[in-house]
Amino acid sequence: MTKKEKLLLIYEKLYHFYGPQHWWPADNWFEVTIGAILTQNTTWKNVEKSIHNIKQNNLMNPNKLYELEKNELAKIIKSSGFYNLKSERIKNFLEWLKAYDFEYSNIREKSYTELRRELLNIKGIGKETADSILLYAFNYPVFVVDSYTKRFFNRLGFELSDNYDEIQNFFENMLEQDEKLYNEFHALIVKHSKELCKNKPICTECFLQKQCNFYIKGFGR
DNA sequence: CTCCGGGCGT
DNA sequence: ACGCCTGGAG
């Protein structure tokens with residue numbers, strides 16, 4: 001079996017086992033971007049509280065968040081942790097958004113390459129956050145790489161490098177440039193990494209034993 | 001490598 | 001009590 005075939009098999013099995021993940025869980029593109037920043041190194045449950053809080057105050061809106069004091073925003077997103085930092089980062093992002101009059105259509109006119117470069121120029125937005133925004137808010141076909149991706153596929157036996165771009169290129173070369181596929185695949189990787197392929201993996205319950213080096217070599221027992 | 005951090009599962 | 005969470009910057 002080629003790596004490409006194995007990759008597709010993994011995807012099919014994940015999808016069969018967990019089903020569609022319906023990502024990103026948000027009402028609109030703007031909420032996706034805020035969630036993407038808030039969830040940096042943070043559990044989604046804590047982010048949900050913050051998002052609920054923002055909505056509760058009727059502030060889930062680029063104009064209103066832009067007007068809000070940084071310290072006030074920090075209080076509202078406290079549950080997400082790193083709240084001073086993230087408040088600053090959201091402010092930086094909003095400052096960038098303002099140049100587009102906070103309009104989705106204005107931003108979507110940009111090419112993928114230009115948009116990615118601009119996002120990466122915002123202080124507080126790195127590659128993973130930028131790609132999450134590009135994929136889940138603006139629906140560009142880009143494969144999001146995170147620590148789960150590395151851990152999961154390295155256990156499977158793919159021997160990924162530790163370089164973000166190289167890993168991303170690997171997946172994008174192996175797979176079709178399909179936004180729906182990238183959307184679902186990343187979501188399933190996160191799901192599986194939280195359910196079974198955790199820091200301390202639960203290999204005994206895993207449906208990927210036959211495909212997994214970590215299990216085959218006996219580490220999972 | 002260290003800081004940033006509340007919240008939750010164990 | 002402790003460990004970890006859909007990272008990024010200095």
Side-chain angles (χ1 to χ4, degrees), chain A residues 10-11 14-15 18 20-26 29-54 56 70-96 116-140 142-155 160-168 171 179 181-202 204-205:
Chain A
I10 301 293
Y11 175 77
L14 286 170
Y15 189 85
Y18 295 112
Q21 299 300 301
H22 307 292
W23 272 34
W24 186 288
W29 70 272
F30 180 66
E31 195 180 316
V32 174
T33 65
I34 298 303
I37 295 172
L38 289 179
T39 201
Q40 290 171 350
N41 201 35
T42 301
T43 57
W44 182 249
K45 212 165 190 66
N46 289 358
V47 176
E48 279 182 321
K49 288 186 162 224
S50 298
I51 289 180
H52 180 261
N53 226 346
I54 294 173
Q56 205 71 358
K70 190 169 70 177
N71 289 339
E72 292 303 311
L73 178 56
K75 286 185 204 167
I76 292 174
I77 63 172
K78 183 172 284 187
S79 68
S80 295
F82 308 136
Y83 44 87
N84 289 316
L85 204 55
K86 286 174 180 176
S87 178
E88 174 79 34
R89 290 177 178 182
I90 288 173
K91 283 294 182 183
N92 293 340
F93 175 70
L94 287 166
E95 197 60 51
W96 172 79
R116 188 171 196 266
R117 186 162 45 233
E118 289 190 14
L119 286 171
L120 290 175
N121 272 334
I122 301 170
K123 190 184 289 185
I125 296 188
K127 288 174 180 174
E128 185 182 338
T129 305
D131 288 341
S132 292
I133 290 173
L134 286 165
L135 176 62
Y136 292 108
F138 296 106
N139 302 107
Y140 282 98
V142 47
F143 193 91
V144 179
V145 177
D146 63 355
S147 55
Y148 285 159
T149 308
K150 300 173 195 170
R151 185 177 71 198
F152 177 46
F153 284 97
N154 279 329
R155 280 178 180 163
L160 300 177
S161 76
D162 53 3
N163 178 285
Y164 188 99
D165 297 324
E166 285 181 28
I167 298 174
Q168 183 174 60
F171 283 100
E179 176 247 322
L181 172 64
Y182 292 168
N183 177 317
E184 199 63 53
F185 209 161
H186 177 65
L188 285 166
I189 291 165
V190 172
K191 177 74 173 176
H192 184 59
S193 298
K194 287 165 74 172
E195 298 276 324
L196 296 175
C197 205
K198 304 188 282 189
N199 224 322
K200 288 189 63 162
I202 309 175
T204 52
E205 295 176 26

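Below, chains carry the letters A, B, ... as their sequence lines are ordered, and counting in each starts from 1.
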Between [options], spot the one nearest the side chain of [X], thanks.
X: A:Arg89; options: C:dG8, B:dG7, C:dC5; result: C:dG8
X: A:Lys194; options: C:dC4, B:dG7, C:dT6; result: C:dT6
X: A:Lys49; options: B:dG5, C:dC5, B:dG7; result: B:dG7
X: A:Lys45; options: C:dT6, B:dG6, B:dC8; result: B:dC8
X: A:Asn41; options: C:dG7, C:dT6, B:dC8; result: C:dG7
X: A:Lys123; options: B:dC8, C:dG8, C:dA9; result: C:dA9

In terms of side-chain heavy atoms, does A:Thr42 have a donor or acceptor partner in A:Lys86 at a distance below 3.5 Å?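 A pair is found: one side chain offers a donor N or O, the other an acceptor, under 3.5 Å apart.
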Mind checking whether A:Phe138 and A:Trp29 have parallel, tilted or perpendicular rings, split at 30° and 60°?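 If you compare the ring of A:Phe138 with that of A:Trp29, the planes turn out tilted.
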Gap between atoms [atom1] and [atom2], on [X] and [N] respectively (whole Å):
X: A:Asp162; N: C:dG7; atom1: CG; atom2: P; value: 17 Å
X: A:Glu88; N: B:dG5; atom1: CD; atom2: C1'; value: 17 Å
X: A:Lys78; N: B:dG7; atom1: NZ; atom2: C1'; value: 13 Å
X: A:Lys91; N: C:dG8; atom1: NZ; atom2: P; value: 21 Å
X: A:Leu120; N: C:dG7; atom1: CG; atom2: P; value: 16 Å
X: A:His52; N: B:dG7; atom1: NE2; atom2: P; value: 15 Å

Crowded around A:Asp162 CG? As in, over 12 foreign heavy atoms under 6.0 Å?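 Incorrect, the count does not exceed 12.
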Base, sugar-phosphate alone, or nothing: which one does [X] contact when heavy atoms must sit under 4.0 Å apart?
X: A:Ser80; value: base
X: A:Ile37; value: nothing
X: A:Thr129; value: sugar-phosphate

Between C:dT6 and B:dC3, how far apart are the two P atoms, rounded to whole Å?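 It comes out at 23 Å once rounded to the nearest Å.
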Check this one for me: any side-chain N or O of [X] less than 4.0 Å away from OP1 or OP2 of [N]?
X: A:Asn46; N: B:dG7; value: no
X: A:Tyr83; N: B:dG6; value: yes
X: A:Ser147; N: C:dG7; value: yes

Short N-O contact, A:Glu88 and A:Lys91, less than 4.0 angstrom: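 Not counted as a salt bridge, because no side-chain N and carboxylate O are separated by less than 4.0 Å.
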Would you give the length of the straight line joining atom CD1 of A:Ile189 to atom CG of A:Asp146, rounded to the nearest 0.5 angstrom?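 If I round to the nearest 0.5 Å, the distance is 7.0 Å.
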Can A:Trp24 be called stacked on C:dT6 when the rule is centres closer than 5.5 Å and an angle between planes below 30°?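 Ring-base stacking flag not set for A:Trp24 and C:dT6.
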Earlier contact from the 5' end, DNA chain B, for A:Leu85 and A:Lys198: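 It is A:Leu85, whose closest nucleotide lies nearer the 5' terminus.
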